[in-house]
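One structure is given below, encoded as structure tokens.
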Amino acid sequence: MTMNRRSFIKLMGAVTGAGLAGAPMISSAAEILPKKGRRVVVVGGGYGGSIVAKYIRMNDPSIEVVLIDRDKTYISCPFSNLVIGGSRKLDENKITREGLASHHGVKLVYDEVTAVDTAAKKVVMSGGTLSYDRLVLSPGIDFRFDEIEGYDAVETPKVIPHAWKAGPQTLLLRKQLEDMTAGGTVVLSIPVTPFRCPPGPYERISQIAWFLKNNKPGSKIIALDANPDIVSKKGLFLKGWKKHYEGMVEYRPANKVIKVDAGKRSVDTGVEEIAGAVVNLIPPQKAGLIAHVAGVVGEDKKWCPVNQVTFESTIAKDVHIIGDAAIAGAMPKSGYSANSQAKVCALNIVQLMNDKELIDPSHVNVCYSYLTDKEAVTVAAVYKVAEGKTIAVPNSGGVSPDLSELEAIYGKSWIKNILAEMST
Ligand SMILES: Cc1cc2nc3c(=O)[nH]c(=O)nc-3n(C[C@H](O)[C@H](O)[C@H](O)COP(=O)(O)OP(=O)(O)OC[C@H]3O[C@@H](n4cnc5c(N)ncnc54)[C@H](O)[C@@H]3O)c2cc1C
């Protein structure tokens, strides 16, 4: 094996003198960090995982928390559409989690989790194994590429980016837009729900339109939506497209892409094959692969059923799942939801580990979407658990009354704060 980032384990924070920082491969049979007291292992240090790790330590510092992520730098999907539109730099979306180690004593491991033994209560990484008392999975999403004929998981996104995991894919889509000839057509396809960030594709349409309007006169977007209608903030998106992008956005509901041809840069709905100068195919989604490997995905073979109060899997004991991977009733798959679920999950894990009564959840979610560089809209709701189900509290939220420059300012404050919360 080459000495890439996966062949290193880096333990930080409270790990001292173990000689593990930057250490090369450790045999997979070895316990890289022998468990002495009570331990929670968290897999995935994104919107859900970073917060659950931090809040367990804040609620009970006597519990050891190990946070594992394959990447040392986390790149936020929220606000990545603005990178595609051109009003934000991808670097502004990047954080590290060293602050969780130095401020809260979270132990950080950078490695890929390849297996979970829920009976033996161990996670397996390329660099070794770790035992746990409780495990939290917050692995985000993976794609159901196999549902699109002709889609090669490795090769297709090199030509037809999804940009639904922020990073190189975001930059590739941006570059393709920069390189296209003025007057060309961008084709964007939206998968069936549920997917990560319900308003995200419509914000993506807006940001691409913003870029085209300013840089590629005469260009247009054809948006093929597998759903029967715009999934979120419909009236506001339609209003924004009319106000800013009249004649540029051709929205086609109930148009599911079933086939792709990267060579021809085209997608096919079974009724029509449509080629574009740039094609942005957002594939259908499922819980992050490790949830499937761990055996905590439900009968739908896509998402993880959980107890709505503790986020403990209904399939495997002492395993909790939060964020996009979990089935969380009426809550959308968003970063804000993952953050809220993480806090509830952390609190109730600490209650469970201290034999104390569970606490009833109250969640909140707000999703900002930018129509231009300066105008945004939001959808917000408060959630509670009633008869075991997570429901929206009636009349607790709603959408912005109109397109708003103020919402755009609030949104920038939100992203700054939530990324700071995840990294310090
Ligand atoms: C374009 C776009 C715009 C969005 N805009 C918004 C928005 O404005 N507001 C909002 O609230 N949400 C938004 N979202 C949704 C948001 O990104 C997700 O809902 C959120 O990231 C979910 O958090 P998570 O913890 O479940 O997963 P993630 O944040 O994706 O974190 C998962 C982590 O797990 C790690 N991981 C996975 N598997 C393994 C493994 N086997 N071993 C080691 N590490 C692993 C990954 O490296 C990653 O760091 C947007 C999404 C997109 C695509």
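Source: prediction; values computed, not measured. All ligand and atom numbering here is 1-based and tracks the order in the structure.
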- [ ] Classify the angle between the aromatic ring planes of W414 and Y368 as parallel (below 30°), tilted (30 to 60°) or perpendicular (above 60°).
- [x] tilted
Task: Of all pairs that satisfy ring pair (Phe, Tyr, Trp, His ring centres under 6.0 Å), the ones with a partner from residues 278-335, not counting sequence neighbours - done: F311-H363
Open item on the list: Tell me every residue that passes side chain to side chain donor-acceptor pair (under 3.5 Å) with K158, counting only those two or more places apart in sequence or in another chain.
Closed with: E155
Task: First-shell residues of ligand 1 [heavy atom, distance under 4.0 Å] - done: G44, G45, G46, Y47, G48, D69, R70, D71, Y74, C77, P78, S80, N81, R97, D111, E112, V113, S138, P139, G140, W164, R196, C197, R204, I290, G323, D324, K333, S334, G335, Y336, A338, Y368, W414
TODO: Examine Y370 together with F79 and report whether their ring centres are nearer than 6.0 Å.
DONE: yes
Task: Test: E147 and K286 ion pair at under 4.0 Å - done: no
Review item, side-chain donor-acceptor pairs of residues 225-233, under 3.5 Å, at least two apart:
residue, atom, partner, partner atom, Å
D225, OD1, N227, N, 2.9
D225, OD1, N227, ND2, 2.9
D225, OD2, Y202, OH, 2.6
D225, OD2, Y251, OH, 2.7
N227, OD1, T193, N, 3.1
N227, ND2, P191, O, 2.9
D229, OD2, K234, NZ, 2.8
K233, NZ, C367, O, 2.8
K233, NZ, S369, OG, 2.7

